[in-house]
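A quick write-up on the structure given underneath.
Letters go in sequence order (proteins before strands), and every chain restarts at 1.
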Amino acid sequence: MPIPRPDLQGDRVIAHVDMDCFYVQVEQRKQPKLRGLPTAVVQYNDWKGGALIAVSYEARKFGVKRSMRGAEAEMVCPNIQLVQVPVARGKADLNAYRSAGSEVVSILSTKGRCERASIDEVYLDLTDAAESMLLETPPEALEDIDEEALKSHVLGLSGDEDREKNVQRWFIRSDAIHQDKLLACGAIIVAHLRGEVLKETEFTCSAGIAHNKMLAKLASGMHKPAQQTIVPSSAVKDLLASLPVKKMKQLGGKLGSSLQNDLGVNTVGDLLKFSEEKLQERYGFNTGTWLWNIARGISGDEVKGRVLPKSHGCGKTFPGPRALKTAAAVESWLNQLCEELSERIQLDMDQNKRVAHTLTLHARAFKSSDVEPHKKFPSKSCPLRYGINKIQEDAKKLFDTGLREFLGSHSNAWRVTSLAISAGKILDTPRTSSISRFFQGKSLSSAISDASNDDIQDDAPSSSIGCKENIVPESDNDEEVFAHGKYVKEDDAPSKDRKIDVLCTQSRKQKDKGNGSILKFFSGTNTSTKHASNAPSSWSESHKGQDQRDHQEECLVDGHSRLGKISNQQRDDSWNFNAEDIDPSVIDELPQEIQREVRGWICSSKRAKTTKRGSSIFHYFSTDDNA
DNA sequence: ACGGATCGAACA
DNA sequence: TTGTTCGAT
Ligand SMILES: Nc1ccn([C@H]2C[C@H](O)[C@@H](COP(=O)(O)OP(=O)(O)OP(=O)(O)O)O2)c(=O)n1
Ligand SMILES: [Mg+2]
Ligand SMILES: [Mg+2]
């Protein structure tokens with residue numbers, strides 16, 4: 001029913017709100033005497049005074065920077081107040097900051113769709129609220145406008161003399177274009193929200209108001225602290241023309257470096273010189289169009305309605321001499337991490353009625369024997385069973401299987417330099433459904449405990465059928481949920497029904513994302529053939545050289561290739577197609593029940609693909625090679 | 001190999 | 001679907 005706006009002109013009102021030196025503010029609220037003083041938050045004081053992770057604006061004036069050592073900071077700012085991150089179970093404990101972030105979100109999520117983008121920032125879609133305001137109480141007289149709103153920075157305004165006056169005039173211009181009027185309303189709403197945040201939490205924040213997320217994010221950082229910035233469409237061109245590529249979100253890493261070094265692109269505006277095809281050729285289909293769009297200030301990325309994190313993780317590093325070298329030491333630290341994780345997912349369940357379904361372990365290690373102590377410790381996951389002891393038990397198993405794989409057959413001396421676990425696949429538990437009745441009279445918490453207590457066989461975690469039936473909610477949508485499952489291998493080929501099932505599930509999920517550009521086509525069997533890849537050479541150094549397939553040894557299975565030009569062949573024996581490359585007449589030859597799915601996918605894919613980075617993948621597990 | 005602890009997303 | 005890599009805060 002809800003059809004996404006075309007949005008090609010950018011008529012949404014999007015805000016990005018980012019807290020000012022957030023951890024510092026949290027600590028200053030705890031210790032008000034620190035307010036106004038140059039302050040920084042450090043974690044782990046023992047080595048060189050710890051590392052700074054947040055710096056107050058007073059301290060920034062002295063040149064104090066994040067990632068400085070405490071001792072360094074004291075050199076440039078002798079009066080700096082260093083506050084340590086709380087420590088619990090031998091590791092940094094960020095719960096106070098998470099909790100403070102939640103306070104803020106609960107206020108900012110009241111006027112429109114809200115997306116938690118990090119511990120201290122959110123995106124807001126204020127389109128509806130702004131349109132309502134424009135209809136009902138349009139800003140006409142200065143007296144009616146929030147004073148804070150009138151202090152906004154408006155990009156592109158003539159500038160020099162009397163900024164204040166110009167902004168005031170901008171807000172009440174009756175001859176402004178509709179877009180600008182909407183932004184003005186958005187800015188008034190944001191000013192109000194920021195006032196509410198200050199009143200309720202004592203925290204200041206800064207914000208950007210624009211027609212999409214990318215520009216709003218850019219704007220929020222332009223004037224800090226405790227200010228807000230508006231980006232009218234008319235200001236976009238000049239803004240991007242002088243913006244160094246590295247300042248743009250997503251271009252701060254290797255991609256941005258490649259743009260500079262390989263294309264000579266120094267500002268985002270420099271990208272305008274390149275055709276979409278040229279960018280696609282070098283950086284891939286999706287990234288290419290994404291780059292082409294952002295050069296023009298276009299981004300259709302929508303504000304997801306999600307105010308809670310999608311995963312909980314905790315970890316600790318053991319650098320240099322602190323590296324763990326015994327199983328007992330690893331076990332001990334794992335236990336600490338598991339305690340914290342258990343606490344946090346339990347809190348999530350109690351507060352939000354959500355249940356996590358997957359436990360994942362990451363580690364880094366090296367062999368003390370080799371001169372080149374390279375590290376590649378495989379991550380492992382399994383179904384998550386609630387309860388500290390269960391989690392500890394499973395985490396240790398995951399580590400052990402990872403370690404055996406890491407060591408190969410020779411058992412060498414090893415060192416572990418980091419351990420991390422995380423809880424993912426977190427799902428809402430619907431209030432009303434048969435599953436709730438099953439748990440009648442019990443708290444969700446005790447029901448989950450019982451489910452894991454009726455001792456599941458002590459086998460290695462592999463399947464979650466029991467878990468799924470006991471915990472996973474009955475579907476409100478008719479989409480099957482897999483709590484945890486292992487990748488389907490060729491020699492373990494699923495039945496035909498099963499394959500179709502996967503197909504439908506995946507396609508619905510992807511369609512909901514409202515964006516897609518790639519059809520992923522599994523042959524299901526046949527691992528020996530290598531196929532042509534006309535995928536662009538990768539810009540990322542790490543991808544280079546791992547691309548083992550550049551020539552065509554064999555034709556594609558009949559019917560598959562005729563779907564359209566192959567965009568990329570994957571290591572998992574599937575082929576990817578771009579939506580516009582698919583020959584519509586060939587779709588008719590596909591199995592009936594699949595045709596509808598493919599057509600629906602192509603439709604949504606073509607609609608949204610140009611405005612958002614990334615791809616949706618259409619999984620088709622064919623039953624045989626000649627499907 | 002002292003820039004740690006977390007998160008989300010694309011990719012293979 | 002799992003596991004890896006990238007980028008971010
Ligand atoms: N590399 C980083 C970056 C940030 N943070 C934490 C501490 C910050 O307080 C918080 C928010 O990050 P920001 O990038 O928003 O920075 P600040 O809020 O501290 O400052 P600003 O006022 O510039 O937003 O996240 C962190 O632990 N490690
Ligand atoms: Mg911030
Ligand atoms: Mg931030």
Side-chain angles (χ1 to χ4, degrees), chain A residues 18-19 22-23 42-44 46-48 50-54 65-69 85 91-94 97-98 101 115-121 217 221 248-256 284 286-287 290 301 304 306 308-323 337 340 344 358 360-362 364 366 373 375-382 402 405 415 417-418 420-422 424-425 482-489 494 502 505-506 513 518 520 522 535 538-543 546-549 568-574 576 612-617 619 621:
Chain A
D18 186 297
M19 308 306 294
F22 186 47
Y23 290 9
V42 298
Q43 63 185 357
Y44 305 134
D46 51 343
W47 199 71
K48 299 205 175 186
L52 275 56
I53 57 176
K65 296 270 177 41
R66 169 153 46 221
S67 91
M68 267 185 177
R69 292 284 159 188
V85 173
K91 64 177 290 301
D93 175 10
L94 305 183
Y97 311 120
R98 292 193 185 92
E115 175 179 342
R116 177 198 198 269
S118 85
I119 197 169
D120 90 320
E121 63 204 70
K217 165 74 179 168
M248 171 88 28
K249 186 155 150 146
Q250 297 298 317
L251 298 184
K254 298 176 184 178
L255 179 54
N286 291 315
T287 302
W290 181 80
D301 192 7
K304 262 70 93 183
R306 181 183 54 76
L308 299 173
K310 300 174 80 167
S311 66
H312 298 293
C314 52
K316 180 159 182 65
T317 60
F318 308 95
R322 302 197 203 190
L337 296 175
E340 182 189 323
R344 284 166 54 193
T358 304
T360 306
L361 176 136
H362 295 267
R364 293 174 49 92
F366 64 90
K375 349 182 116 178
K376 213 169 270 187
F377 195 103
S379 67
K380 295 290 164 189
S381 65
C382 74
E405 215 173 289
R415 299 291 140 95
T417 56
S418 90
I421 56 173
S422 71
K425 289 193 187 16
F482 295 95
H484 186 88
K486 293 298 182 185
Y487 186 75
V488 180
K489 294 284 196 283
V502 170
T505 297
Q506 290 293 339
K513 285 184 164 179
I518 290 182
K520 189 166 192 139
F522 282 77
S538 188
W539 46 267
S540 170
E541 206 54 47
S542 64
H543 286 1
Q546 88 178 34
D547 196 51
Q548 67 279 43
R549 62 234 183 253
N568 190 8
Q569 193 219 339
Q570 310 290 324
R571 206 161 43 190
D572 55 9
D573 289 313
S574 67
N576 289 353
K612 183 185 159 189
R613 193 157 172 236
S615 66
S616 82
I617 295 176
H619 289 247
F621 296 85

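Contacts of A:Gly320 with the nucleic acid, taken as non-hydrogen atoms under 4.0 Å apart, include base atoms. Within 4.0 Å of A:Leu251, counting heavy atoms only, lie sugar-phosphate atoms of the nucleic acid but no base atom. The residue A:Arg344 sits close only to the backbone: its heavy atoms come under 4.0 Å of sugar-phosphate atoms, none of a base. At the heavy-atom level, A:Tyr44 lies under 4.0 Å from the strands shown only through sugar-phosphate atoms. No engagement by A:Ser67 is indicated, since no non-hydrogen atom pair under 4.0 Å with the nucleic acid exists. Using a 4.0 Å heavy-atom distance criterion, A:Arg66 is classed as making no nucleic acid contact.
If you check B:dC7, B:dA5, C:dT4 against the side chain of A:Arg98, the one that comes closest is B:dC7. Across C:dT4, B:dG4, B:dG8, the shortest atom-to-atom separation from the side chain of A:Ser379 is found for C:dT4. Of the candidate nucleotides C:dT2, B:dC2, C:dT9, C:dT9 has the atom lying nearest to any side-chain atom of A:Lys249. Taking the side chain of A:Glu340 as heavy atoms from C-beta on, and the options C:dT4, B:dT6, B:dC2, the nearest nucleotide is B:dT6. When the nucleotides B:dC7, C:dG7, C:dT9 are ranked by their closest atom to the side chain of A:Gln250, C:dG7 comes out on top. Checked against B:dG8, B:dA9, C:dT9, the side chain of A:Ser118 finds its nearest nucleotide in C:dT9. Comparing C:dG3, B:dA5, C:dG7 by their closest approach to the side chain of A:Leu94 singles out B:dA5. You'll find that the side chain of A:Pro309 is closest to B:dC7, out of B:dA5, B:dC2, B:dC7. In the set C:dT4, B:dA5, B:dG8, the nucleotide with an atom closest to the side chain of A:Lys91 is B:dA5.
Between A:Lys254 and C:dC6 there is a side-chain N or O to OP1 or OP2 distance below 4.0 Å. Contact annotation: A:Arg415 does not reach the phosphate of B:dA1 (side-chain N/O to OP1 or OP2, under 4.0 Å). Not one side-chain nitrogen or oxygen of A:Thr417 sits closer than 4.0 Å to the OP1 or OP2 atom of B:dA1. Under 4.0 angstrom from either OP1 or OP2 of C:dG3 there lies no side-chain N or O belonging to A:Thr360. Between A:Lys65 and B:dG3 there is no side-chain polar atom (N or O) within less than 4.0 angstrom of OP1 or OP2. Remark: A:Ser311 is in phosphate contact with B:dG8, judged by side-chain N or O atoms under 4.0 Å from OP1 or OP2. Between B:dG3 and A:Lys48, no contact under 4.0 Å exists linking OP1 or OP2 to a side-chain N or O. OP1 or OP2 of B:dG8 has not a single side-chain nitrogen or oxygen of A:Lys425 nearer than 4.0 Å.
The interatomic distance linking A:Leu255 (CG) with B:dA9 (P) rounds to 18 Å, in whole Å. Atom CZ in A:Arg322 sits roughly 11 Å away from atom C1' in B:dG4 (whole-Å rounding). What separates CG of A:Asp120 from P of B:dT6 is a distance of 16 Å, to the nearest Å.
A:Lys316 is linked by a salt bridge (Lys or Arg N to Asp or Glu O under 4.0 Å) to nothing, counting only residues two or more places apart in sequence or in another chain. Taking A:Ser418 as the reference, A:Thr317, A:Arg364 meet the side-chain contact (heavy atoms from CB on, under 4.5 Å) condition, with sequence neighbours excluded.
Comparing B:dG4 with C:dT2, their C1' atoms are spaced 26 Å from each other, to the whole Å. Rounded to whole Å, the separation between the P atoms of B:dC7 and B:dG3 comes to 22 Å. For C:dT1 and B:dA9, the P atoms lie 16 Å apart once the distance is rounded to whole Å.
For the atom pair CG of A:Leu52 and CZ of A:Arg69, the computed distance is 9.5 Å after rounding to the nearest 0.5 Å.
Judged by distance alone, with hydrogens and angles left aside, A:Gln43 brings a side-chain donor or acceptor within reach of the base of B:dG4, the pair sitting under 3.5 Å.
In terms of position on DNA chain B, the residue among A:Arg69 and A:Arg306 whose nearest nucleotide sits closer to the 5' end is A:Arg69.
Using a 4.5 Å heavy-atom cutoff, the side chains of A:Asp18 and A:Asp120 are in contact.
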